[in-house]
Amino acid sequence: MTEKLNVFHIALLIYMIELDITIFSLSRVVAENIGTNGWVGVILLSAAALVNIWMYRAVYVVGKGRSVHEIAETVVPRALLIPCYMALSLFWIAVGALVGKNFITLYQMLSFRSTSEIMIFLFYCVLIYCLLVKDLYSIVKATTVFFLITFALNILAPYFSRDWSLTRFTTSFFQGTEKGHSLAGWTEVFIVNIGYELCMFLFPYVDRKSKLFKGVVAGHLLNTSVQLLVVFIAFGFFSFQQLQVMEYPVLNTLEYFEFPFINRIDNLIYCVFLFPNLVSSVMFCYAALATMRRVFPKAKPKLLERGIAVVLFGAGCVSIALNPFGNLLNNAYYLETILAFLIPALLIPAAYRMRRKERSAGHEESGSG
Amino acid sequence: MDKSGSAEADATALTDRPSLQKILEHFKDCSDMTRRSFSSCGVEAVYFTFLAGNDELLRDLVLPFADADPQEAASVLYRPPYCTVETLGECIEGILNGHAAIFLEDRAWLADVARSVGRKIEQSETETVIAGPHDGFVENWTENLAVIRRRLKSAKLKTVMLSVGEVSKTKVVLLYLDGIANPALVDRMTRRVESIEIDGVYDANMFVQLIDENPNSVFPQFMTTERPDAVTSKLLGGRIACIVDGSPSVFSTPTSFFDFFASPDDYYQRWLLGTALRMLRILGFLITICFTAFYVAITTFHYEMIPHTMLLNLTESRSKVPFPPLIEALLMETTIELLREAGARLPTKIGQTIGIVGGIVIGQAAVQAGFTSNILIIAVATSAIASFVIPSYIMSASLRLIRFGLIILAGILGNLGLMMGIALVIIQLAGITNLGASYLTPVAPANLADAIDTFVRGPFYALRKRPSIAQSPNPVKVKMKK
Amino acid sequence: MRSRAAGKLSRFLALLLALLMLMMTGCSDQRIIEKIGFIRTIGLQAAAEDEGEEEEEENTGKIKVTISIPKTKEQDVIVYSTVSKTIRQAIKVFDLQNDRKIVNGQLRQIVFDTALSRKGIWKYLDTLMRDGSVGNRVHVVIAEGDLNHMLSRNFEQSGPAGEYIDNLLRTERRMGDVPDSNLYTFLRDYKDDGIEPSASILKETGNSLIVNGIALFQEDRYVGKIDAEEKIYFGMLLGNIRAGDMFLDYPDKDFVSEDSTLMRFNSSRKLKVLSVGGGAQPPKEKISLKLTGTLLEYNGGLDLESTAERHQLEDEIEKFVQLKCEAVLATMKELKSDAIGVGQHVRNAMPYAAWKRLDWPEEFARSQIEVHVDVHIKSFGKLQ
């Protein structure tokens with residue numbers, strides 16, 4: 001197919017990758033690490049992510065739209081790249097697995113406490129596999145529908161207006177953190193943005209008309225506004241000190257709903273959040289898939305996908321067995337944050353190198369011709 | 001068409017000049033074939049007895065040739081409606097289509113003596129509308145083509161005649177509007193129809209399964225309809241329509257999932273009403289796939305979601321039921337499906353009896369006997385009714401099947417299972433393409449102009465463009481200013 | 001082609017296998033509604049010294065837990081009661097007795113008796129908050145009198161106590177004069193350093209339950225109450241009242257009127273910090289109340305047909321409400337319980353560090369709060 005992704009779908013895709021399980025604890029993490037009126041910090045961190053997106057744009061422009069793999073391969077010898085590729089792929093699969101695992105363990109707080117996580121995770125992996133075997137366009141199409149369902153939930157926000165009070169925001173800024181301000185603390189908030197960096201794998205699917213980076217920025221800003229909405233509701237609905245003791249404030253807000261025909265919709269709505277987590281997981285797996293394709297260009301169709309699904313399941317099982325309570329996902333996201341900044345920082349000079357190489361090759365050609 | 005070795009010998013013979021002997025040889029043992037000799041002029045005629053009509057025979061054979069001399073007969077044969085045939089193949093095809101083959105000396109002619117067969121045009125049983133045209137397609141393709149031509153009086157309406165089925169030789173007619181339909185899609189469709197290799201095709205709904213791109217999907221991928229007005233609007237929308245002989249269903253392509261939720265009479269109502277109906281159908285869609293599953297999820301796992309007053313009633317009516325909710329729901333759903341299937345097989349009058357018996361048995365006795373809870377009856381009945389809101393029978397059958405899957409998942413993993421099921425359905429939908437176009441248009445790829453004509457039925461001044469899914473080279477359809 | 005078909009088949013089989021496995025595992029978490037007994041109400045009392053199964057055992061620090069589980073017939077409840085250390089321990093005991101698994105996803109209220117609530121109730125609420133199946137709309141109620149008796153009674157109004165309390169509190173809350181006291185608000189105000197939680201007090205009467213005032217807390221300890229007649233004024237001071245009714249019984253000395261009723265009135269509160277105080281200076285705040293409503297009952301010396309005297313009546317009501325509000329504030333200051341959130345506004349008027357140094361309950365006790373009331377009567381009913 002010759003169709004290219006368009007800006008609207010890119011925006012939705014980026015939005016859905018960024019939206020994942022971390023949004024549930026975001027308000028607490030903000031209250032713990034940024035303090036009072038932490039929403040300002042959310043805006044600042046979103047701006048930091050924008051800077052990072054701008055770096056990817058530089059890669060795209062300098063590399064003239066070549067895929068990141070091509071850029072890397074023109075500069076670095078293949079033998080050196082393959083171990084890097086393998087390591088990155090494994091890491092991304094692990095991130096995908098951890099997103100799923102965290103989603104499931106949190107669900108078990110609500111119900112299915114005694115069911116084995118591995119069983120539910122297996123089903124999660126089946127879903128990922130079903131999406132992954134389709135091409136990126138199908139993933140994007142499914143994402144659009146997932147987005148519509150998830151985004152529609154925002155209409156529930158006005159429900160809180162009765163118990164929401166601006167007074168609880170307090171007038172001080174960035175006060176009352178648990179351990180003072182630290183880079184680690186702010187990074188813990190930043191990881192809620194993680195996901196936009198996967199835009200580097202969209203390069204082959206876009207052309208000038210797609211306006212890739214408009215889409216990425218729009219998706220990122222949309223996600224930031226949803227984060228702000230969540231933080232705003234939480235800071236006005238809960239008292240600041242209360243926020244710091246609640247593990248997942250969003251779940252507590254959802255518990256508050258009461259309709260004549262249905263109560264306690266927290267469970268149902270949490271299940272709807274399967275969709276964004278699925279998209280996050282599948283896109284990390286897709287990143288791994290795109291990278292593994294470079295390592296095994298001649299692999300049979302579906303073989304790599306199957307391999308990834310198996311590794312995904314394995315990684316999930318290992319993480320469940322190792323540490324059922326701990327937050328491995330946060331650690332993985334820290335690493336991913338570093339990567340998100342490191343990769344374009346390495347790729348921009350590489351792209352320049354590639355350009356110079358090409359130009360000299362072009363000169364030789366024109367010289368000889 | 002013929003590819004096998006033995007048929008190849010026939011194939012060479014088919015280009016021979018036709019002769020009476022060869023024809024008789026070809027159709028030997030066809031005892032319903034009539035050979036008629038007119039001794040006064042030496043004319044020999046061959047035709048299938050029951051394909052020919054008495055009036056046509058009288059007009060084209062008996063009256064001209066009964067008392068004619070050879071010269072007179074020859075001069076008659078050079079006038080219409082007789083046409084000469086040069087090859088044996090043509091001649092055989094004509095006879096199979098109900099023509100009479102006429103031989104005089106060493107020359108052959110064909111005369112159309114086929115009588116019109118099949119039922120008259122009448123209202124479609126499966127797609128009825130209150131307001132709007134009441135004619136429906138019939139089994140005879142010529143009649144169907146005529147109905148469409150009568151509605152689109154334009155030379156731009158082009159037809160491609162194809163035939164499918166090595167034995168059945170079923171006529172398949174592709175229709176499109178030149179300049180509105182995308183020629184690339186027409187080519188693609190023609191090639192796909194030509195590539196079919198099968199012995200016979202009996203219905204359009206079967207035919208579309210031979211050409212769809214995702215044969216394992218539960219969803220129908222071509223929109224079939226029995227309503228000429230629907231086909232006309234599809235053609236004007238830049239789509240390709242296709243008549244299959246012997247089938248009262250005509251299908252159009254490319255189709256999106258949401259086309260199955262639109263009915264032609266949406267356009268005959270005021271737009272606000274049309275919009276309300278579209279919304280109602282989408283609601284019906286959600287209810288039909290989720291409602292029973294949701295019941296199973298909350299009664300099995302999520303009791304905390306039920307408001308207290310309802311909970312006590314629900315518990316009381318469930319307390320006599322020996323099965324877990326999953327089994328209970330599956331039993332009831334199966335019963336409803338049995339009823340529906342029985343109703344479909346039986347003549348209308350008996351069908352009504354079935355409805356009454358089923359209604360009483362299921363509605364009253366089952367609850368009183370402690371077989372099911374009455375809330376489940378409401379859930380099952382509501383989802384059954386909701387499934388009938390969907391205009392396309394084929395789609396509503398698919399959705400009912402999906403419902404069973406979701407019920408099972410909800411019975412295993414509660415709300416999470418339900419959502420996983422929905423995710424699977426969406427993933428499945430996202431993978432489907434139809435002539436290369438996305439099944440989820442206009443949601444993905446998103447298109448606002450299409451959405452106005454899909455989820456709502458916008459006023460006509462707002463529906464300026466043809467659906468993007470048809471990739472029409474001439475996209476504007478309404479030029480009127482508001 | 002064949003290998004693809006085989007692949008499809010194997011995929012299908014794998015899916016089927018996963019389904020089967022899941023089908024087996026999900027069972028242990030089933031909570032089929034007719035096979036569970038859902039707790040509607042938990043009542044907690046301080047265990048009496050002479051109660052409990054084994055007399056020798058020390059009962060201090062223990063609590064008496066009473067739960068009520070509705071039966072399928074609406075009017076029946078099962079009531080269990082035992083002495084234990086925590087709620088969980090008690091539920092384990094009840095589980096041994098009950099024929100259905102006891103779950104607490106449908107819990108609607110937790111009722112404390114006054115004795116236990118004076119010792120502090122946080123640790124019991126904490127247990128419930130941790131449980132993912134318990135919602136945060138669970139009413140927190142203080143009961144005066146014999147809790148056990150109250151919970152096991154059937155009332156004319158809506159049957160079992162649990163149902164009745166739920167309906168009663170919902171109706172009262174809709175008017176706005178009773179604060180919404182549930183797990184969410186309690187935790188919120190308990191954790192907030194600028195406000196103290198409050199809860200409704202229920203008391204048994206001959207054939208019904210009555211909201212007998214508002215419980216005031218210091219941290220999580222019940223320290224005193226606002227009387228039932230004054231809860232409307234507490235409601236005004238706390239926030240906005242929608243469609244409240246107020247009966248004004250004027251004391252003779254300064255008023256011309258005898259009594260009147262203001263119906264369906266709305267009130268709005270504005271709180272302004274005039275001075276945050278510091279050192280010897282007490283903090284000063286000003287609360288402005290605005291009331292708009294219909295007058296339906298009036299006895300007294302004013303002629304309501306004249307506009308001037310109508311204004312005089314408004315002034316009288318203002319004066320009366322002001323007196324009552326000041327009395328309520330005095331009670332709260334005496335108990336050092338800032339249940340209306342003055343502290344939140346003071347906090348917002350000063351730097352964070354200075355606020356942290358402040359001992360707000362003490363400051364609240366000595367703060368000077370002015371009350372300004374503005375009454376506007378929209379109509380005087382259908383008669384002139």
Side-chain angles (χ1 to χ4, degrees), chain B residues 214-218 294-330 370 372-376 404-418 420-421 423-424 427-428 431, chain C residues 4-5 7-9 11-12 15-16 18-41 69-77 99-109 131-138 158-160 162-163 165-167 170:
Chain B
N214 311 75
N216 291 325
S217 167
V218 61
F294 190 54
Y295 166 88
V296 171
I298 61 174
T299 49
T300 315
F301 297 104
H302 310 298
Y303 65 95
E304 75 272 9
M305 291 176 73
I306 313 170
H308 188 76
T309 38
M310 205 195 272
L311 180 67
L312 291 181
N313 289 333
L314 201 56
T315 318
E316 184 161 11
S317 82
R318 280 260 331 141
S319 59
K320 283 180 278 173
V321 181
F323 319 107
L326 174 62
I327 307 293
E328 183 197 11
L330 286 178
T372 61
S373 69
N374 40 24
I375 309 247
L376 176 71
F404 278 89
L406 289 184
I407 290 174
I408 293 173
L409 281 171
I412 298 169
L413 275 180
N415 283 337
L416 187 65
L418 183 61
M420 283 179 162
L424 264 181
I427 293 170
Q428 164 83 237
Chain C
R4 247 180 73 189
K8 284 264 157 61
L9 190 72
R11 208 169 85 182
F12 177 73
L15 208 77
L16 204 71
L19 264 176
L20 277 176
M21 283 197 284
L22 280 166
M23 214 178 271
M24 286 184 280
T25 47
C27 287
S28 58
D29 283 313
Q30 281 187 356
R31 300 274 181 273
I32 300 178
I33 50 168
E34 76 275 10
K35 299 205 170 115
I36 51 175
F38 24 85
I39 303 177
R40 186 100 164 91
T41 310
I69 301 171
K71 287 209 233 169
T72 48
K73 295 236 173 55
E74 233 168 275
Q75 301 298 318
D76 288 347
V77 284
D99 58 340
R100 292 170 177 179
K101 172 107 187 96
I102 292 180
V103 293
N104 32 14
Q106 284 278 353
L107 184 66
R108 281 303 141 86
Q109 51 259 331
D131 187 345
S133 66
V134 176
N136 53 18
R137 283 251 184 173
V138 178
S158 28
E163 181 96 23
I165 296 173
D166 196 20
N167 292 342
R170 266 160 215 269

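- Proximity to chain B (any heavy atom under 4.5 Å) is shown, for C/Val134, by neither the backbone nor the side chain.
- Atom CD of C/Glu34 sits about 11.0 Å away from atom CG of B/Leu311, to the nearest 0.5 Å.
- We find the OG1-NZ distance between B/Thr315 and C/Lys35 to be 12.5 Å, quoted to the nearest 0.5 Å.
- Proximity of C/Ile32 to B/Arg318: side-chain heavy atoms (C-beta onward) are separated by under 4.5 Å at one or more points.
- In this structure, C/Arg40 CZ and B/Leu312 CG are separated by 7.5 Å, a value rounded to the nearest 0.5 Å.
- The two residues C/Arg31 and B/Phe301 have their closest heavy-atom pair at CB-O, 4.0 Å.
- Taking both residues in full, the closest heavy atoms of B/Tyr303 and C/Gly105 are given as OH-N, 2.8 Å, listed atom of the first, atom of the second, then distance.
- Here the closest non-hydrogen pair linking C/Ile33 and B/Ile298 is CG2-O, 4.4 Å.
- B/Thr309 has its side chain within reach of C/Glu163: a pair of non-hydrogen atoms, C-beta onward, lies under 4.5 Å apart.
- Atom CG of C/Asp29 is separated from atom OG1 of B/Thr300 by 12.0 Å, given to the nearest 0.5 angstrom.
- Remark: C/Lys101 engages C/Asp95 in a side-chain hydrogen bond (donor to acceptor under 3.5 Å, both in side chains) (not counting sequence neighbours).
- Atom CG of C/Leu107 sits about 12.0 Å away from atom CD of B/Glu304, to the nearest 0.5 Å.
- A donor atom on one side chain and an acceptor atom on the other are not found under 3.5 Å apart for C/Arg108 and B/His308.
- Remark: B/Asn374 engages B/Ser317, B/Val367 in a side-chain contact (heavy atoms from CB on, under 4.5 Å) (not counting sequence neighbours).
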